[in-house]
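Here the structure is laid out as structure tokens; the discussion comes afterwards.
Whatever order the structure lists ligands and atoms in, that order sets their numbers, starting from 1.
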Amino acid sequence: MLCSNTSSKTALLTGITGQDGYYLTRLLLQRGYNVHGIVRRSSAMNRHRIDHLREQMQAAANRLHLHYGDLTDGIGLMEKILEVQPDEIYNLGAQSHVRVSFDTPHYTEQVNSAGALSVLESARVLQKQKPVRVYQASTSEMFGGIPGSSPQSELTPFHPQSPYGCAKVAAFQHTVNYREAHDLFVCNGILFNHESPYRGETFVTRKITLAAARIKEGLQDELVLGNVDAKRDWGFAGDYVEAMWLMLQQEQPDDFVIATGETHSVQEFLEIAFNSFGLDWREYTQQNPKHFRPAEVEILCGDATKAREKLGWEPKTSFEELVRIMLEHDHELAKREKWGEELAERP
Ligand code: NAP
Ligand code: GDD
């Protein structure tokens, strides 16, 4: 049951510049929210998704505000949260790449676990002044791999297989603890993989759709991957941010698995993507050990029954449709890149 009046609410997002930040900000602006986003400083601008959103939603752009901050800077984060006084906080910020977490385990822990703790502490202090609700971006990577434990639900034990997964389990537990110890309205969304044309380019789905489109247009010769036997439950990010919002509109805080209930291998994704351009993926794809992980989560497949029953949430976009949306987008990008090159070559 929904229990909110969304007009003129204020939300604060960490991770606003990422894939989910784009879709969630779009949803919140459409629902009349004032949206504040934490953006970290980088030497190159990292706001292309948000800039695109501002162009798409010009009429709402005055309700979108960005602030510099970093999840590793807990004091700065608390100061910002107390200043903005949000009704809802969505902690989406993370070092979100599983393979990279093996190269940067301490950093991943600081951002994904200690960073989440800083958000919770800020909410605990803010709650002395006003009610606040917090969404924590938990993940199916927390389940990791116990043979025979698929499909995974809220009752499946965690067995993370990466520094990323371990840090996210710690953040999950802190979130539950703040709910129980401090009576905070905090929810864990245990989201399975979700993708879109705004997906980061080093995640496997986007890497494949970009490569297939560029190979089709003669801009690239080969695609180098790791383990193509792994299976994932892939949904559409636009559908999944709706579930995040729904969790914070309930009467009671709780934790929910969000998934499609279907699983597909990386190889199936490759086949569909390359076939749609009349190409055989085997002719263009190489495997390189550098893209394999020291420990791999072989299969993820989620059981989102609780979300369906309690939130009324279900995915709207099929796997085939998701792949098609991503391919169409990346084919357009490749064609523009090719035209750009041809124009530049003209005398
Ligand atoms: P993403 O595209 O990689 O975005 C991550 C965001 O976190 C970016 O805005 C990034 O900023 C920000 N960030 C990274 N380090 C930070 C730091 N030290 N301080 C503050 N912000 C920082 O990830 P996503 O796919 O949108 O995922 C959103 C969240 O959901 C993440 O927590 C992820 O772990 C979790 N999740 C994702 C999935 C999925 O399949 N997409 C599934 C389950 C859970 P920059 O733009 O500056 O890099
Ligand atoms: N990234 C990547 N690059 N993955 C590859 C490659 C490659 O070249 N080749 C094969 N893979 C395999 C990985 O080994 C993994 O089994 C699968 O493709 C998916 O990898 P990613 O797209 O990197 O996603 P992920 O499942 O590791 O993590 C994503 O989903 C999690 C939810 O389960 C991220 O978004 C995490 O932040 C998120 O929590």
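- Remark: Glu79 CD is loosely packed, at most 12 non-hydrogen atoms of other residues, nucleotides or ligands lying under 6.0 Å away.
- Cluster membership for Val84 and Leu120, using ILVMFWY side-chain heavy atoms within less than 4.5 angstrom, is shared.
- Residues Val257 and Gln152 form no side-chain contact, since every pair of their non-hydrogen atoms from C-beta on lies 4.5 Å or further apart.
- The number of heavy-atom neighbours closer than 6.0 Å to CG of Asp183, taken from other residues, nucleotides and ligands shown, is 12 or below.
- Between Thr17 and ligand 1, an N or O atom pair is found at a separation short of 3.5 Å.
- For ligand 1, the atoms closer than 4.0 angstrom to any heavy atom of Thr139 are 43 (C), 44 (C).
- Residue Ala94 has at least one nitrogen or oxygen atom sitting less than 3.5 Å from a nitrogen or oxygen atom of ligand 1, judged on distance alone.
- Note: an N/O pair closer than 3.5 Å links Arg232 and ligand 2 by distance alone.
- In terms of N/O distances under 3.5 Å, ligand 2 is approached by Val204.
- Nearest to atom 15 (N) of ligand 1 by heavy-atom distance, out of His48, Met45, Arg40, is Arg40.
- Not a single heavy atom of Arg99 lies less than 4.0 angstrom from ligand 2.
- Remark: ligand 1 and Tyr164 share an N or O pair separated by less than 3.5 Å (distance only, no angle test).
- Considering both main-chain and side-chain atoms, Thr205 never comes within under 3.5 Å of ligand 2 through any nitrogen or oxygen pair.
- Atoms of ligand 1 found under 4.0 Å from any heavy atom of Tyr107 (numbered from 1 in listed order, with element): 15 (N), 18 (N).
- Of the options Val266, Asp229, Asn288, Asp233, the smallest heavy-atom separation from atom 17 (C) of ligand 2 is shown by Val266.
- Heavy-atom distances between Phe292 and ligand 2 stay at or above 4.0 Å for every pair.
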Side chain to side chain donor-acceptor pair (under 3.5 Å) evaluation trace for Gln110 with Thr72: CA-CA 6 Å; Gln110 281 165 38; Thr72 59; 5.6 Å; no
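- Under a 4.0 angstrom heavy-atom cut-off, His97 registers as being in contact with ligand 2.
- Annotation: cation-pi pair Arg26/Tyr23 absent, no NZ/CZ under 6.0 Å from the ring centroid and within 45° of its normal.
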Worked verdict on Ser196 versus Gln19 for side chain to side chain contact (heavy atoms under 4.5 Å, CB included): CA-CA 8 Å; Ser196 73; Gln19 170 190 255; 3.0 Å; yes
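- Counting the atoms of ligand 1 from 1 in the order shown, those under 4.0 Å from a heavy atom of Ser96 are 1 (P), 3 (O), 23 (O), 33 (C), 34 (O).
- At a 4.0 Å heavy-atom cut-off, ligand 2 touches Arg199 through the side chain alone.
- Protein heavy atom in closest approach to atom 43 (C) of ligand 1: Leu191 O, 3.1 Å.
- Checked by distance only, ligand 2 and Leu300 stay at 3.5 Å or farther apart across all their nitrogen or oxygen atoms.
- Proximity of a side-chain donor or acceptor of Gln287 to a complementary backbone N or O of Gly226 within less than 3.5 Å is detected.
- Residue Gly261 comes nearest to Asp233 through the heavy atom pair N-OD2, 3.0 Å, listed as atom of the first residue, atom of the second, then distance.
- Contact annotation for Leu225 and ligand 2: heavy atoms of both the backbone and the side chain come within less than 4.0 Å of the ligand.
- Between Arg293, Lys207, Gln19, it is Arg293 that holds the heavy atom closest to atom 27 (O) of ligand 2.
- The option with the heavy atom closest to atom 29 (C) of ligand 1, from among Asn46, Leu300, Leu92, Leu13, is Leu92.
- Inclusion of Asp20 in the set of residues having an N or O under 3.5 Å from an N or O of ligand 1 is warranted.
- Summarising the local packing, CG of Asp221 is surrounded by 12 or fewer heavy atoms from other residues, nucleotides or ligands at distances under 6.0 Å.
- Within the 4.0 Å heavy-atom cutoff, Thr202 counts among the residues contacting ligand 2.
- Of all atoms in ligand 1, numbered sequentially from 1 with element shown, those under 4.0 Å from a heavy atom of Ala137 are 29 (C), 30 (O), 32 (O), 35 (C).
- Taking any N or O of Lys168, backbone or side chain, at least one lies under 3.5 Å from an N or O belonging to ligand 1.
- In terms of N/O distances under 3.5 Å, ligand 1 is approached by Gly18.
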Phe269 vs Val323, side chain to side chain contact (heavy atoms under 4.5 Å, CB included): CA-CA, chis, key distance, verdict: CA-CA 8 Å; Phe269 199 106; Val323 184; 3.7 Å; yes
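- Residue Arg199 places at least one N or O, backbone or side chain, under 3.5 Å from an N or O of ligand 1.
- For a threshold of 3.5 Å applied to N or O pairs, the pair formed by Leu71 and ligand 1 contains at least one separation below that value.
- Hydrophobic clustering places Val186 together with Ile38 (ILVMFWY residues linked when any side-chain heavy atoms are closer than 4.5 Å, directly or through intermediates).
- Within the 4.0 Å heavy-atom cutoff, Ala237 does not count among the residues contacting ligand 1.
- Placement of Ile89 and Val35 in two distinct hydrophobic clusters is found when ILVMFWY residues are connected by side-chain heavy-atom separations under 4.5 Å, directly or transitively.
- Which parts of ligand 1 touch Gln19 is read off a 4.0 Å heavy-atom cut-off, strictly below it: atoms 2 (O), 25 (O), 26 (O), 41 (N).
- Under a cutoff of 6.0 Å and an axis angle of 45°, Arg47 and Tyr68 form a cation-pi pair.
- Below 3.5 Å of separation, one finds an N or O of Asp70 facing an N or O of ligand 1.
- Cation-pi geometry between Lys216 and Phe277 is not met: the NZ or CZ atom fails to fall both under 6.0 Å from the ring centre and inside 45° of the normal.
- The CG atom of Asp20 sits 6.0 Å away from the CG atom of Leu92 when rounded to the nearest 0.5 Å.
- Taking the ring centre of Tyr198 as origin, the terminal cationic atom of Arg49 falls outside the region bounded by 6.0 Å and 45° from the ring axis.
- Where the criterion is an N or O separation shorter than 3.5 Å, residue side chain and backbone included, Gln95 fails it with respect to ligand 1.
- In terms of protein heavy-atom proximity, atom 6 (C) of ligand 1 is nearest to Gly15 CA, 3.6 Å.
- Applying the 4.0 Å criterion to heavy atoms of Asn193 picks out, from ligand 1, the atoms 40 (O).
- Environment of NZ in Lys290: sparse, with no more than 12 heavy atoms of neighbouring residues, nucleotides or ligands closer than 6.0 Å.
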